[in-house]
Structure formats: structure tokens, C-alpha cells
Amino acid sequence: MKKEISKAYNPQEVEDRIYKKWEESDFFNPDSLELPEDAEKFSISMPPPNATGVLHLGHASMLAYQDLMIRYNRMQGKNTLWLPGTDHASIATQTKVEKIIAEKGQTKYDLGREKFLERVNEYVENSKNTIRNQTKKMGSSCDWERERYTLDDGLSRAVREVFVKMYNDELIYRGDRIVNWCPRCESTLADDEVEHKDQKANLYYFKYDKDFPITIATTRPETKLGDTAVAVNPKDERYQKYIGQVFEIDLGNGAHQIKIIADREVEMEFGTGALGVTPAHSMTDWEMAEKNDLEKIKIIGEDGKMNANAGVDYEGLTVLEAREKFVKYLEENNLIEKVEEMDQSLSICYRCDTPIEPLPSKQWFVAVDRKITIEGNKYFQNKSLKEVALEVVKNQEIKIIPERFEKTYFNWMENLHDWCISRQLWFGHRIPVWYKTEVGSEMEAIYFNEEVIFQKLNIVNESEFNKFSWKLNEENKNVLWASRKKGEIQLGRQYINLLKEKDFFNEDWVQENKLKRKNKESEYFVGEKPSEDFGWIQDPDTLDTWFSSGLWTFSTLLDQDHEKYKTFEDWVVNSTDLKNFHPTSVMETGYDILFFWVARMILMTTYTLGEAPFENVYLHGMVRDKQGKKMSKSLGNGIDPIEMIEKYGTDALRLSMIIGSSPGNDIKMYEEKIEGYRNFVNKLWNISRYILMSVDNDKKTKFPIGNLVSGGDLTLADKWILGKMKKLIHDITEDLDNYRFSQAGEKLKEFTWDKLADWYLETSKFEKDGDKEIILLKILQDLLKLSHPFIPFVTEHIWQEIGNEKFIMIEKWPEEEDYRVLGLNEAEEYTVNKVHDIIRKIRNARIEYNVEINRKIDAIIYAGNDYELIKNEGILIKNLRTGIDKLEIKEGGEKIKNATYLVVGDNIEVYLLGMVDKEKEKKNLEKEIENIEKYIDQVKRKLDNQQFVQNAPVEIIKKEREKYQESMTKLEKLKKKLVSLDS
RNA sequence: GGGCGCUUAGCUCAGUUGGCUAGAGCAUCUCGUUUACACCGAGAGGGUCGGGGGUUCGAAUCCCUCAGCGCCCACCA
């Protein structure tokens with residue numbers, strides 16, 4: 001029975017249906033695989049795409065790589081888990097939603113924190129859906145039952161637990177330091193979230209006032225309103241005499257003290273060699289101020305506008321307005337010496353490109369240099385986070401592929417400063433810190449006598465007070481707090497303001513009745529919400545998104561039913577997935593987030609669990625367009641993966657990302673490439689189609705290849721393809737084990753197209769002896785298995801067409817062992833190569849002589865000392881598109897006139913009868929002679945070189961000698977023929 | 001200012017530890033619908049492996065240097 005199958009493979013009809021079947025089988029979930037207890041583990045945490053919008057080609061390439069690894073290892077019989085998920089990506093997502101509501105003219109403040117977060121969550125749900133569907137489109141065999149999201153309940157608890165743990169270990173602290181501030185996001189940024197953009201800027205040379213002796217140079221004149229020093233190089237003779245002096249200046253905003261300090265960082269060649277020090281608004285200056293104990297005047301506020309410290313003339317102006325105004329002031333007072341244009345790298349926010357304003361602020365930091373000892377943690381024995389993170393890569397506990405990125409990693413890690421983790425964003429993990437009092441801030445507490453308050457509010461007891469406050473709180477989310485203790489009531493500043501608005505209080509009353517008690521400098525509580533109802537307000541800030549993604553490899557594997565575990569330790573110890581799958585086997589991600597993410601996971605995981613988050617890091621490159629430009633919406637050069645899938649199929653898209661790319665190097669993507677792999681997929685489809693159409697259905701069952709051995713009569717071609725298959729299995733396995741995905745893919749393609757289709761299938765059309773059908777089926781099935789991790793859909797589809805009941809997805813990886821005794825021996829190998837050479841030479845000659853394939857010719861071959869080997873292979877030579885009618889193979893004989901003469905190797909002479917063109921033949925012979933003479937000359941020079949003969953390994957010398965002999969014999973033959981042509 | 005990478009056929013790229021006359025795909029050209037496939041088959045042309053120097057019997061491969069391109073890091077105000 002033969003089967004009808006469509007001529008061209010149509011992925012659109014197949015892919016979604018197959019994915020659904022896979023999902024229904026539940027085999028993406030390792031628990032369904034029914035593996036032996038001792039099965040080796042293989043796990044990958046999918047880098048969670050940001051919960052903003054859609055997947056792009058970069059995601060597609062990451063999914064292709066990871067699914068390749070996952071499917072390969074699953075077929076190897078490993079306990080294989082690929083855990084998918086999404087990242088809330090606080091700053092990116094919040095920015096996105098802010099933009100959306102801005103279209104309706106709204107800001108987040110219009111909505112309020114709660115409403116705004118509802119809006120964000122709605123958006124995120126949507127994106128998560130899109131991402132999930134697109135990930136499925138790529139054929140990803142990840143376990144959707146274990147899908148996670150960084151804001152899941154369990155993952156959020158992990159975040160709080162780790163925060164508290166780090167706080168208790170004094171690795172997290174609150175510091176008042178200069179930070180990168182994005183005025184648009186109204187939030188801090190970590191150092192590596194700041195990007196730099198080259199631009200032209202004006203460098204202004206001026207003096208603070210007429211009496212000031214030193215001219216300074218700056219690109220940001222407006223910040224000079226907050227200067228407290230001028231720094232010069234200690235070696236600079238021009239300014240030696242001033243060092244240590246203090247000058248009084250007035251910039252029109254009140255008197256300043258300016259101290260002249262010396263610092264080696266100052267370059268004498270730049271500007272005037274004198275630097276105006278603005279401690280509060282420049283990273284460098286901050287450090288100088290710290291060293292020299294200078295006053296730090298904050299003149300720019302969090303809104304990016306000048307504040308009161310800048311003086312009444314400037315207060316409320318934007319930075320740029322202030323600059324203009326201040327420059328005008330300088331001009332009017334004749335203080336400007338000159339203005340130069342210069343190149344400057346401007347710091348901008350990596351999410352919204354807004355220029356960064358460095359300013360001092362009270363924030364939470366992770367101490368990366370503090371050495372600690374943790375009991376039961378093999379890494380942390382008087383070591384810092386940084387030291388451990390360096391160590392695990394240095395001692396190869398974590399391997400980075402390609403290796404050169406280790407250097408980049410070390411360089412970055414060595415220069416890492418304390419990591420600012422608090423963000424003034426609404427969306428994200430709220431910092432698990434509760435404050436009581438905070439002098440001078442919105443949270444400042446004011447103490448009253450309980451009775452006085454009760455009376456004023458017309459309340460009789462505590463319960464009523466609670467109710468009152470609760471109601472007020474309901475109406476005004478997150479702004480109020482009050483606390484009651486031993487007859488005293490503390491009210492937050494905002495609480496009081498509200499009461500004033502409602503006409504319960506006025507300021508005079510507050511002043512009269514407040515208890516004279518000092519607030520503690522800053523009292524706070526770190527951990528889960530304190531049990532007392534009043535008096536504690538949670539830090540309004542959220543955590544850097546990388547804090548939670550730093551926990552990703554393990555927070556996702558923790559038992560999500562976390563409430564049953566009282567302590568974190570309990571939770572960790574009793575989570576089975578964590579035990580089974582962590583450390584993960586490979587972290588596959590783009591090199592662009594090596595620092596953002598990979599480094600952070602290493603920091604956080606070694607600390608929290610005392611183990612590495614992963615064993616290997618595989619870094620892929622960025623996907624670029626044909627010109628090598630980054631794909632982006634604004635350039636309009638982006639390729640939509642979904643569109644490509646619809647046009648060419650997922651398998652083709654996957655191959656186009658994997659073949660031709662190497663780790664750490666960018667990959668150029670364009671449609672023609674995908675088209676090429678679509679053709680390949682179709683080729684495989686047609687190979688299968690041919691085999692299935694020519695083989696009886698009942699033979700399509702499983703069979704042991706051992707039958708072939710006992711059956712015995714394999715032809716040369718059979719042994720040849722079986723031997724190639726054996727090598728293919730070996731090579732692909734080795735390549736995949738060593739992350740050489742591109743190479744493996746290329747070999748697969750080469751075998752399929754060049755070996756199987758072009759030679760063996762063609763042979764099978766006329767050579768019917770041997771167990772052709774069984775061989776074809778065996779080869780096909782193993783080829784499908786080897787190809788499955790690369791092109792899962794088409795292989796699964798064909799697999800089902802063959803009539804296999806199990807999914808190919810969970811089939812066992814092919815065994816080299818199956819082909820153990822089936823290859824060619826040396827003589828046979830030699831023979832096949834010779835036969836192929838003869839065939840190629842004849843094909844070549846036919847085309848050269850313009851003899852179309854339909855015109856049959858006759859041929860006589862003098863095989864010389866290869867006669868015994870090739871005498872029976874005439875059938876191949878005749879039928880493999882050589883267009884030969886009668887063929888004779890002899891050991892040797894008379895020269896034949898009126899025939900086209902070819903020499904194959906050094907010994908085989910071929911006469912083609914019925915196609916003669918003396919001129920052409922002469923030309924060809926001459927050209928061939930010229931080539932071979934050149935070659936002989938090269939080889940001879942090598943062999944004449946005494947140094948070579950003395951030093952080179954024997955095999956190499958032997959090879960060279962053989963080459964020489966062969967070429968000489970061949971040359972002789974060709975020359976003889978040429979002479980006879982002339983005669 | 002540091003660090004890294006790239007430069008091989010017209011284009012996109014392979015080329016493991018130095019050792020077959022440096023490979024593949026696309027494009028170009030020639031020929032071709034003999035029981036899968038025109039998303040195809042058979043062939044051809046095309047490269048001083050960025051330049052220079054060195055190590056070596058031998059270099060696309062290792063070292064130095066120069067040039068071009070790209071990326072990352074850095075507080076040049």
C-alpha cells in the first residue's frame with residue numbers, strides 16, 4: 001500500500017495541530033516522562049521576556065537555541081525541564097503604561113497608586129498572553145504548568161525573604177548617597193542602567209566673580225550655583241599658591257564658601273585645569289567632597305528643576321532654563337572668558353533616554369564588598385558578594401561560552417560599586433521595610449497625648465479611634481499612619497494635613513498640643529508587615545527589577561504553595577523541584593544582559609543558596625539586519641518572527657537563526673536566508689515522501705538494524721550510506737554536547753541533501769538488491785530523530801506519517817552502536833570515492849562538450865590496478881545521471897581513437913564514445929596539465945626541502961609523497977594523450 | 001582612556017588542537033521536466049584569507065604591528 005502525500009510541505013497546516021498534540025500529551029512536563037529514578041537532570045530557566053508587548057526576533061533566537069538543547073537532552077533520556085515565565089520589568093512596563101494613559105491625557109497621579117497598578121496588571125496580563133502564544137508558535141517545549149511570573153505570590157515572598165536575609169547579614173543598607181536620577185521616571189537607576197550618548201556641548205570658561213582668581217571650565221554652568229570648592233591638580237604650578245585657601249563668592253544666590261582643593265583626578269590639560277566642584281550633582285565631585293569634607297548643596301530637585309537652594313531667581317526653573325539664565329547673568333557681569341564647543345558623552349536613562357541628573361538621595365543599597373561568613377554556605381567564609389561571584393567563574397564552576405566573555409565579566413565585576421536597589425516606581429516588589437518616624441519628611445511623626453486627640457476628634461476609646469483612622473485610610477490610600485502607645489498617639493505629617501483639611505485641626509492647635517518629644521532619627525522595621533496596626537508605613541519604593549530576576553533560577557523552582565513553610569530555610573529544603581533541577585544546566589541568554597542579569601543571578605544565588613544558579617552560560621549574539629544594524633521599530637528594519645513563521649514555517653525560521661551563527665557573535669537576519677532553510681525543510685519532506693511512497697506500509701514498523709547484518713547482502717552504496725549515518729550520529733552528538741549548534745546543523749543539512757538525496761536515493765532508484773526498504777526507513781527515522789531538536793514540527797509530522805505511535809519528541813536519541821558493523825572497509829571506501837570521481841568527471845565532460853543528458857553515449861573504462869575493485873560498479877556509473885548507454889570496464893587496452901579521453905586519479909582512463917570535439921579536448925587537456933604541473937611544482941618544493949623532510953610528521957610526508965607520485969603518473973598520461981591528439 | 005571582537009568568493013558566513021590544490025549557501029553563467037522535490041537536478045566561473053613583519057619544515061589558523069569597521073566598560077568637568 002502506498003500513500004499519497006502533498007508535494008510541498010505546508011507548515012501552516014501542520015504546526016499548530018502538532019503543538020496542540022504535544023501539549024495534550026503533557027510530555028513537556030518531566031513528571032510525565034516516567035523516567036528512572038537515577039535519570040540525569042537537564043534544566044533551563046527560560047530568561048523571562050519583559051511583560052511588555054510582543055516577542056521579537058531576539059526572543060525567537062533564544063527560544064530556538066533553548067528548545068534545541070531541551071529536545072536533544074530529553075531524547076537523551078534525561079529528566080528535562082524548561083521553565084518558562086515573564087518578568088514584570090518594573091521600569092519598562094511602568095513607562096509603557098504611562099505612555100498609554102498619557103494618550104488619554106492622564107498621568108499616574110491622576111489615577112493614584114492603586115488604580116494605576118490595576119491598569120498595569122491588566123496590561124501585563126495581556127502581554128503575558130501574547131508572549132505565551134508566540135512562544136508556542138516557536139515550537140517551544142517548555143513546561144507551561146510551571147510557568148512563573150516575577151510578581152507571583154511565591155516569587156514575591158522569595159524576594160522579601162532574601163531582602164530580609166541580606167539586611168540581617170548587613171549586605172543591604174540604607175545610605176544617603178549620590179545616585180543616578182531619571183527626572184522623567186522620577187526614580188533612581190543603577191550604574192549600569194545609565195547609558196551614554198555622544199553629543200556636542202558648550203564648554204564655558206568663566207570666573208565665579210570678579211575677585212575670584214581662578215577661571216573654571218564647565219559644560220553645566222547652572223550647577224555652579226551649588227559649588228563649594230574648586231579642584232586643581234596638586235602638581236599644577238599655576239594654582240599651587242591657592243591650594244587650601246577659602247574664598248567667599250556670590251553668584252547672585254547668596255554667599256558661598258569656595259575652598260581650593262587638590263585632587264589627582266583633575267587633568268591639567270582639560271579646560272583651565274581647574275574644576276568647579278559641585279558635590280551634590282556630580283559623581284566625581286561627590287567623591288572629592290567626601291574626601292575633603294565639603295558641604296554638599298542640593299540645588300536640583302527630583303523633578304529636574306532648580307530648588308530653593310539655587311536662589312529665588314532660579315527656583316522652579318528647569319535645568320536648561322536655569323543654564324540660560326545663569327549664562328546671561330555671567331555675560332552681563334562680564335565674567336565669561338570664552339565658550340568652546342566640545343564632544344561630551346551625556347548620561348541618559350536606558351529606558352526613556354532622558355538625561356540623568358546625579359543627586360543625593362536616601363536609598364537602599366547592596367554592599368558588594370562587605371566580607372561575611374555564612375554558616376553552611378561553602379562560598380561565604382569571610383568573603384564578599386563580589387569575591388564569590390568572581391571565584392565561581394574563575395574556578396570554572398560556572399563556564400561561560402564563549403570563553404572570552406569571562407574577561408568582560410571579571411572586568412565588570414571587579415569594578416562593581418554598591419548596587420542601588422530602590423526605585424521610586426509604583427510597579428514592582430514593594431520594599432519590605434516599615435518606617436516609624438522620619439524627621440522632616442512626609443513621614444515625620446508628631447506625638448500627642450491620647451486624651452487630647454480623642455477629645456478633639458470626638459472619640460471615646462481606642463477602638464473608635466481605630467475605626468476613625470481606618471475609614472480615613474480607606475478614603476486616602478497609603479498616605480496615613482498613626483500609632484498608639486501607652487497613652488500617646490503619633491500622627492504622621494500627612495495625617496495631620498488631612499485633619500487640617502477636614503477642619504479638625506489647625507497648625508496652631510498642633511503646635512500648642514504636640515508633646516515635646518524628639519523623633520528618633522530613623523526608626524524602621526525590615527521584614528513582613530509588623531503586627532501592630534498603626535504606626536508603621538511601608539517604604540513607598542519598589543525594588544530594582546533585577547533584584548527579583550536575580551533570584552529567577554531558584555525562586556521559580558521553590559514550592560509555590562509556600563504558606564505551609566514557616567521559615568525560608570524550611571521552604572528551600574522542602575521544595576522538590578529545587579532539589580531536582582537546581583543548579584540549572586545552562587543559562588542561555590544574550591550577551592547584552594551579562595551584567596544586568598547573569599552577574600546578578602550569580603551574586604544573589606551563591607549568597608542565598610550556597611550554590612551556583614547554573615553550570616554553564618551560553619551567550620548568543622544580537623539579531624541584526626542585513627546591513628548589521630540593530631533591528632528597531634524606528635528604523636523600520638525589524639523582521640516580525642510571526643510573519644516569517646506564517647510565510648516560511650517555524651522550522652525554517654529556527655534553522656536560519658541557528659545555522660551560521662556562533663556564540664557571542666551577532667547574527668544577520670534577512671528573508672532570503674529563511675527562504676533557503678524553508679527549501680531545506682521541503683527537501684527533507686520530499687525525501688520522506690519518496691521513501692514513504694516507495695515502501696510498503698507494513699514494513700514501516702520498528703525493526704532491529706541487526707537484521708541487516710544477518711541478511712548480509714549489502715551493496716557498496718548501502719554500506720556507504722550506513723557508514724555516513726554512523727558518523728553523522730557521532731558528530732551531531734558530539735557537536736551538541738559541546739554547544740556547536742551551527743556545525744551540527746550544517747552537517748545535518750549536508751548529509752540530508754548531498755549524501756542521502758543526491759547519491760543514495762538516486763542509487764536506490766535503480767539498485768534494487770539488498771534490503772533497500774529497511775535501510776531507507778532506518779536511515780530516515782534516525783535522520784528525523786537527529787533533526788528533531790532543530791526542526792521539531794516537520795520531523796514530528798513525518799514521524800506520524802510513517803505510522804509511529806509514540807511521539808518522536810520522546811523517542812530515544814539514535815545510537816551509533818546500531819551501525820557498528822555496517823560501514824565500509826578501507827578498500828570499499830576507496831572504491832566509492834573512485835566511482836564518485838568517475839561519475840563527476842563524466843558529468844562534467846558532458847556539459848563541457850554540450851552533450852545534453854538525453855543523448856546517450858557509450859563509455860569504456862580502463863581501470864588499471866583498480867579493476868578488481870570497480871568492475872562491478874558499472875551500474876552506478878551508468879545510472880547516476882551520466883547518460884551512458886553501453887559501458888565496458890576493462891583492466892586496460894588499446895588507446896581508443898575518436899573518443900573523449902579523461903583521467904581519473906592517476907590510474908583510471910575513461911573513453912567517452914560519440915562525443916568528440918578535438919579543439920575543446922585539447923584545450924581542456926592543456927588546462928588540466930597546466931594545473932597539475934603547478935601543483936606538482938608545489939609538492940616537489942616541499943619534498944625537496946630538507947627541513948620539511950626532517951621535521952614534519954611521517955604521515956604528512958607520506959601523504960605528500962603519494963600526492964607527488966599520483967600527480968606525476970597522471971601528468972604523464974595526460975601529456976601522452978595531448979601528443980596523440982596532435983598527431 | 002581601557003578592554004573585546006570582526007576583516008576569508010559579488011553577498012552572508014564555515015574553517016575545532018598550525019598539515020589534502022581554502023569550503024558552503026545565496027547571487028551569476030551553462031545545460032536539464034529520465035517514477036520525491038523547479039522550495040528541483042547536473043555543472044562552471046569567482047578568493048595573494050585587510051596590509052606589513054615575525055615564529056615554524058609548514059600560517060587563514062600562533063605572535064607583533066598598522067589600517068578599517070563594530071561593540072562594551074570608564075566620574076574627563
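Order of the sequence lines fixes the chain letters, A, B, ..., with proteins taken first and strands second; residue numbering starts at 1 for each chain. Hydrogens, waters and symmetry mates play no part in the numbers below; they use all other heavy atoms, side chains included.
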By salt bridge (charged side-chain N to carboxylate O under 4.0 Å, His left out) - contacts of A/Lys668 (at least two apart): none
Nearest heavy-atom neighbours spanning A/Lys207 and A/Ile214: CG-O, 3.5 Å
Between the protein and nucleotides 59-63 of chain B, which nitrogen or oxygen pairs are less than 3.5 angstrom apart?
none

Base-pairing string, 5' to 3', of RNA chain B - Watson-Crick or wobble, under 3.5 Å, | interstrand: (((((((..((((.....[...)))).(((((.......))))).....(((((..]....))))))))))))....
Throw together a table of side-chain donor-acceptor distances under 3.5 angstrom for residues 950-962 of chain A, partners on residues two or more places apart or in other chains.
| from | atom 1 | to | atom 2 | distance (Å) |
| --- | --- | --- | --- | --- |
| A/Asn951 | ND2 | A/Gln947 | O | 2.9 |
| A/Glu960 | OE2 | A/Lys963 | NZ | 2.7 |

Residues forming a side chain to side chain donor-acceptor pair (under 3.5 Å) with A/Thr188, sequence neighbours excluded: A/Arg423, A/Gln424
Close N or O pairs between protein and nucleotides 11-18 of chain B (under 3.5 Å):
| from | atom 1 | to | atom 2 | distance (Å) |
| --- | --- | --- | --- | --- |
| B/U12 | O4' | A/Tyr670 | OH | 3.4 |
| B/U12 | O2' | A/Tyr670 | OH | 3.3 |
| B/C13 | OP2 | A/Lys668 | NZ | 2.8 |
| B/A14 | OP1 | A/Ser662 | OG | 3.3 |

A/Tyr9 and A/His797 aromatic ring geometry - parallel, tilted or perpendicular at 30°/60° bounds: tilted
Set out, line by line, the N/O atom pairs under 3.5 Å between protein and nucleotides 75-77 of chain B.
| from | atom 1 | to | atom 2 | distance (Å) |
| --- | --- | --- | --- | --- |
| B/C75 | O2' | A/Thr284 | OG1 | 3.0 |
| B/C75 | O2 | A/Thr284 | OG1 | 3.2 |
| B/C76 | O2 | A/Glu267 | OE1 | 3.2 |
| B/C76 | O2 | A/Glu267 | OE2 | 3.1 |
| B/A77 | N6 | A/Glu267 | O | 2.7 |
| B/A77 | N6 | A/Phe270 | O | 3.3 |
| B/A77 | N1 | A/Glu267 | N | 3.3 |

Non-neighbouring partners of A/Arg323 that pass salt bridge (charged side-chain N to carboxylate O under 4.0 Å, His left out), sequence neighbours left out: A/Glu222
A/Arg846: partners by salt bridge (charged side-chain N to carboxylate O under 4.0 Å, His left out), with sequence neighbours left out: none
Protein-to-nucleotide contact annotation, 5' to 3' order, nucleotides 32-43 of chain B [B base; S sugar-phosphate only; - none; under 4.0 Å, heavy atom]: -SBBBB-BSSBS
Whole-angstrom distance between B/U7 and B/C76, as gauged at atom P: 31 Å
Interface residues of residues 952-965 of chain A with RNA chain B (non-hydrogen, below 4.0 angstrom): A/Ala952, A/Pro953, A/Ile956, A/Lys963
Sequence neighbours excluded - side-chain hydrogen bond (donor to acceptor under 3.5 Å, both in side chains) pairs with any residue from residues 741-750 of chain A: A/Asp735-A/Lys747, A/Glu750-A/Lys755
Whole-Å C1' distance, B/G47 and B/A60: 11 Å
P-based separation of B/U8 from B/C49 [nearest Å]: 11 Å
